[in-house]
Amino acid sequence: MPELTRRRALGAAAALAAGAGAQALAARPASASPNGPAAARESMGEHHHGGPQPFDEVFRGRRIEGRPVTGGGHQHHGGYAVFIDGAELHVMSNADGSWISVVSHYDPVPTPRDAARAAVVELQGAPLVPFAAN
């Protein structure tokens, strides 16, 4: 029997940890949401016939609106327009169904409404400056 070395012990521990991690991922249901089942149901309710529903509300004193857009121009924003106090917030849908905006680009959210709310929080009262897309 070969002698137990530090290298072999660490290799065995790493293999066990990787196996346990893979088993935990396999056991998680595919429909699970990282924010819990209520968030998954809520975000599923936002999607209607392949796209998010329109919204118009006041969030933290700012008017946020979102609606589907059709025709003309570039459709890189997923065919959906979001506005904060009348200024367009550039949003984009990701392949996994999440949404990002130019204000919170590295923090994907489940819906365009959540993207607008995240932008309002990030702006901290500052006006939204128009984004000049190519």
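Reckoned from all heavy atoms, side chains included, excluding hydrogens, waters and symmetry mates.
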Problem set entry | Donor-acceptor contact below 3.5 Å, side chain D56 vs main chain E65 | no
Exercise. Roughly how far, to the nearest 0.5 Å, is OG1 of T111 from CZ of F55?
Worked result: 7.0 Å
Exercise. Is the CD atom of E122 crowded by more than 12 outside heavy atoms at less than 6.0 Å?
Worked result: no
Problem set entry | Contact check, side chains of V103 and L128, non-hydrogen atoms, under 4.5 Å | yes
For this session: For residues L123 and I84, determine if any side-chain heavy atom of one lies less than 4.5 Å from a side-chain heavy atom of the other.
Result: yes
Problem set entry | Expected output: side-chain D96 to main-chain S98 donor-acceptor under 3.5 Å | yes
For this session: Evaluate the criterion side chain to side chain contact (heavy atoms under 4.5 Å, CB included) for residue pair V82 and R67; output intermediate values, then yes/no.
Result: CA-CA 7 Å; V82 174; R67 61 182 172 269; over 6 Å; no
For this session: Could you go through the salt bridge (Lys or Arg N to Asp or Glu O under 4.0 Å) check for D85 and R63 one step at a time?
Result: CA-CA 5 Å; D85 296 332; R63 183 173 181 204; over 6 Å; no
Exercise. So do R113 and E57 actually touch side chain to side chain, heavy atoms under 4.5 Å?
Worked result: yes
For this session: Search all heavy atoms of F83 against all heavy atoms of A81 and return the closest pair with its distance.
Result: CE1-CB, 3.7 Å
Exercise. CG/D114 to CD1/I100 distance, rounded to the nearest 0.5 angstrom?
Worked result: 14.0 Å
Problem set entry | Nearest heavy atoms of L89 and A115, plus distance in Å | CD2-O, 4.1 Å
For this session: Return the minimal non-hydrogen interatomic distance between W99 and P52, and the atom names on each side.
Result: CZ2-CG, 3.8 Å
